[in-house]
Amino acid sequence: MKILPVQCSYCKKTFYRSTRRFNEARKYHWNSYCSSICLTKARNKQKILVCANCSKIFKRQFSDLKKSNSYYCSLSCAAIVNNTKFPKHLGLKKTCAVCKKVFVSREKYCSVACKNKDQIIPKEIILKRIQRFYNEKGRIPFKQEFAHARAARVQFGTWNNTIIAAGFTPNPVMFAKKFTANDTHKCDSLAEKIIDDWLFARKIKHLRSAPYPGNKGFTVDFVIDEYWIEFFGLYGEHKRYDELREIKLQMIKQYNFKFIGIYPYHL
């Protein structure tokens, strides 16, 4: 077997290859290497750098290099230099608005616990807003439409206790008592009576409790011309109620009804 001298493409050392391999490399324009070490070094596309902090020599892949004049061998070296360039802002000494503790921070409170305590709405404000709502609307608010219902529960224990503390009688449990609207329509709740009376006062003709197609025992709360209107008063409070709501919405989509959904916060 005839062999020919070849020059290593990396270290320029002369070594020998068979004629077949020599011709194959020349045909396909392949580089030739005298050893696997030279092959690895040739494939290594790392750049030699000098750390801008400790002057240590290190390597980085070209793909990892960013357009910067300074490179660092480690995160600690980068932090040392950057902290001198961009010093941290020192917190100010403050007195906590709740516990009066002196602390260093840019926050108003020394802890999350103190922040929560300071943001609790006082009882007097809750009661005044319920009374103001009554004076404006002529009725007490529903829990779902009152912005501070959660704060009221924290301060008074329950929503009904809050209403009693404000000097009113709590509303009956929704759907537990029937109401008669001004146009003599029978309503399942006070909220539905409010909606019915609103429509009647504006002389908007409407139907009550119209059956859904298919006679599955479902009725829609109100129908105005081609619009079907549902009041979802207990949405998000009872699992079974939410399941029935989904069934109604599917039927509305199936029959392509023009639909309006009303929730307590709309009242």
As a quick check of understanding, evaluate side-chain contact (heavy atoms from CB on, under 4.5 Å) for L244 and F218, giving each step before the final call.
CA-CA 9 Å; L244 296 176; F218 291 100; 3.8 Å; yes
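- Taking NZ from K248 and OG1 from T219, the interatomic distance works out to 5.5 Å, rounded to the nearest 0.5 Å.
- Taking the side chain as every heavy atom from C-beta outward, C11 and Y33 never approach each other to under 4.5 Å.
- The two residues C187 and D196 have their closest heavy-atom pair at SG-CB, 4.1 Å.
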Under the criterion ring pair (Phe, Tyr, Trp, His ring centres under 6.0 Å), I'd like the reasoning laid out for F257 against Y255: C-alpha separation, chi angles, the key distance, then a yes or no.
CA-CA 6 Å; F257 290 142; Y255 294 103; 5.8 Å; yes
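- For the pair I130 and P141, the tightest heavy-atom approach, listed with the atom from each and the gap, is CG2-CD, 4.0 Å.
- Side-chain contact check for R208 versus F222: some heavy-atom pair is nearer than 4.5 Å.
- Contact check for F133 versus F146: no side-chain heavy atoms found under the 4.5 Å cut-off.
- Criterion: ILVMFWY side-chain heavy atoms under 4.5 Å apart, direct or through other members. Under it, I260 and I204 are part of a common hydrophobic cluster.
- Partners of D242 by side-chain hydrogen bond (donor to acceptor under 3.5 Å, both in side chains), not counting sequence neighbours: none found.
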Going through the checks in order, is the side-chain contact (heavy atoms from CB on, under 4.5 Å) test met by I164 and F156?
CA-CA 10 Å; I164 294 172; F156 296 95; over 6 Å; no
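- Rounded to the nearest 0.5 Å, atoms CG (L199) and CD1 (I194) are 12.0 Å apart.
- A distance of 10.5 Å separates CG of N82 from CG of L75, quoted to the nearest 0.5 Å.
- E230 places a side-chain heavy atom less than 4.5 Å from the side chain of V220.
- Across F22 and P5, no two heavy atoms sit closer than the pair CE1-O, 4.3 Å.
- Closest approach of G233 to Y241, counting heavy atoms only: N-OH, 3.0 Å.
- The minimum heavy-atom distance between Y109 and C96, with the atom names listed, is CA-SG, 4.1 Å.
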Could you walk me through whether K128 and I125 pass the side-chain contact (heavy atoms from CB on, under 4.5 Å) test, one step at a time?
CA-CA 5 Å; K128 285 181 180 179; I125 294 179; 5.8 Å; no
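- Under the 4.5 Å side-chain contact rule for hydrophobic residues, W159 and V154 do not share a cluster.
- Remark: R60 fails to qualify as a cation-pi partner of Y71 under the 6.0 Å distance and 45° angle criteria applied to the six-membered ring.
- Cluster annotation: V50 and I80 are assigned to distinct hydrophobic clusters (Ile/Leu/Val/Met/Phe/Trp/Tyr, side-chain heavy-atom contacts under 4.5 Å, transitive).
- In this structure, I3 is not a member of the same hydrophobic cluster as V6, with clusters built from ILVMFWY side-chain heavy atoms closer than 4.5 Å.
- Proximity of F179 to E192: side-chain heavy atoms (C-beta onward) are nowhere separated by under 4.5 Å.
- Looking at N182 and K193, their side chains come closer than 4.5 Å, going by heavy atoms from C-beta outward.
- Note that R139 lies outside the cation-pi zone of Y134, set by a 6.0 Å cut-off to the ring centre and a 45° limit from the axis.
- Contact annotation: the side chain of H185 never approaches that of T180 to less than 4.5 Å [non-hydrogen atoms, C-beta and beyond].
- The line from CZ of R153 to CD of Q155 is 12.5 Å long, rounded to the nearest 0.5 Å.
- Looking at R240 and E243, a side-chain N of the basic residue comes within less than 4.0 Å of a carboxylate O on the acidic one, giving a salt bridge.
- D183 places no side-chain N or O within 3.5 Å of a backbone atom of F200 that could act as its donor or acceptor partner.
- Linking ILVMFWY side-chain heavy atoms closer than 4.5 Å, directly or via other members, places W30 and L39 in two distinct hydrophobic clusters.
- Around atom CZ of R17, more than 12 heavy atoms belonging to other residues, nucleotides or ligands sit under 6.0 Å away.
- To the nearest 0.5 Å, atom CD1 of residue I37 and atom SG of residue C8 are 10.5 Å apart.
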Does the side-chain contact (heavy atoms from CB on, under 4.5 Å) test come out yes or no for F15 and S32, once each step is laid out?
CA-CA 10 Å; F15 65 103; S32 299; 4.0 Å; yes
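- F168 has its side chain within reach of Q131: a pair of non-hydrogen atoms, C-beta onward, lies under 4.5 Å apart.
- Nearest heavy-atom pair across N53 and C77 is ND2-SG, 3.3 Å.
- To the nearest 0.5 Å, atoms OG (S209) and NZ (K186) are separated by 12.0 Å.
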